[in-house]
Amino acid sequence: MTTDQSAELLIIVSSFASLEDAKKMAHQLIEGRLAACVQIQEGAHSIYRWEDKICAGNEVLLSAKTVADKWIDISNFIKSHHPYDLPEVIAYVPEKYEAQYGKWVQAEVK
């Protein structure tokens, strides 16, 4: 791991109503070099309050691996291309990761 923020890895998480929407976003993130790898997981069941109503539904989770320097770009891209009015865009910083994997991620998003 490194203290250089440009090299710090991020895992960006967002949820989607459909597998098609998640796949479309994944391809756009990879093609735009905003993410090095995107994983998609079906089967999430979300319960939330929206416009003063309790809602529930199945969602698809997307997690994208990138670097801290891309946070603003990837966040803005997801917000502007996401089908939700207020998309979930959360970043996690992994405490540890394998050094070669980190270098690969950095190389793929530069």
Do [X] and [Y] have side chains that approach each other closer than 4.5 Å (heavy atoms only, starting at C-beta)?
X: Lys110; Y: Val67; result: yes
X: Lys23; Y: Phe16; result: no
X: His82; Y: Ser14; result: yes
X: Val109; Y: Ile74; result: no
X: Leu10; Y: Lys70; result: no
X: Pro94; Y: Tyr101; result: no
X: Leu9; Y: Lys65; result: no

Heavy-atom pair of closest approach, residues [X] and [Y]:
X: Ala17; Y: Tyr84; answer: N-OH, 2.9 Å
X: Glu8; Y: Tyr97; answer: CA-OH, 4.3 Å
X: Trp104; Y: Ala36; answer: CH2-O, 3.3 Å
X: Val60; Y: Ile40; answer: CG1-CG2, 3.3 Å
X: Pro87; Y: Ile78; answer: CG-O, 4.5 Å
X: Ala64; Y: Leu29; answer: CB-CD1, 4.2 Å

According to a hydrophobic-cluster definition based on side-chain heavy atoms being under 4.5 Å apart (Ile, Leu, Val, Met, Phe, Trp, Tyr only), do Ile72 and Val93 belong together?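 Yes, Ile72 and Val93 fall within the same hydrophobic cluster.
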
Can you hop from Val38 to Val13 via hydrophobic side chains spaced under 4.5 Å?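 As far as the 4.5 Å side-chain criterion goes, Val13 and Val38 are not connected within one cluster.
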
Do Tyr48 and Glu59 get their side chains close enough for a donor-acceptor pair, meaning under 3.5 Å? no

Just verifying a value: how many Å separate [X] [atom1] and [Y] [atom2], rounded to the nearest 0.5 Å?
X: Arg33; Y: Asp73; atom1: CZ; atom2: CG; value: 14.5 Å
X: Asn58; Y: Ser18; atom1: CG; atom2: OG; value: 12.0 Å
X: Leu62; Y: Ile12; atom1: CG; atom2: CD1; value: 10.0 Å

Candidate pair Trp71 and Val89, rule side-chain contact (heavy atoms from CB on, under 4.5 Å), full reasoning: CA-CA 10 Å; Trp71 165 247; Val89 185; 3.9 Å; yes

Is a side-chain donor or acceptor of Thr66 paired with a backbone partner of Leu34 at a separation under 3.5 angstrom? yes

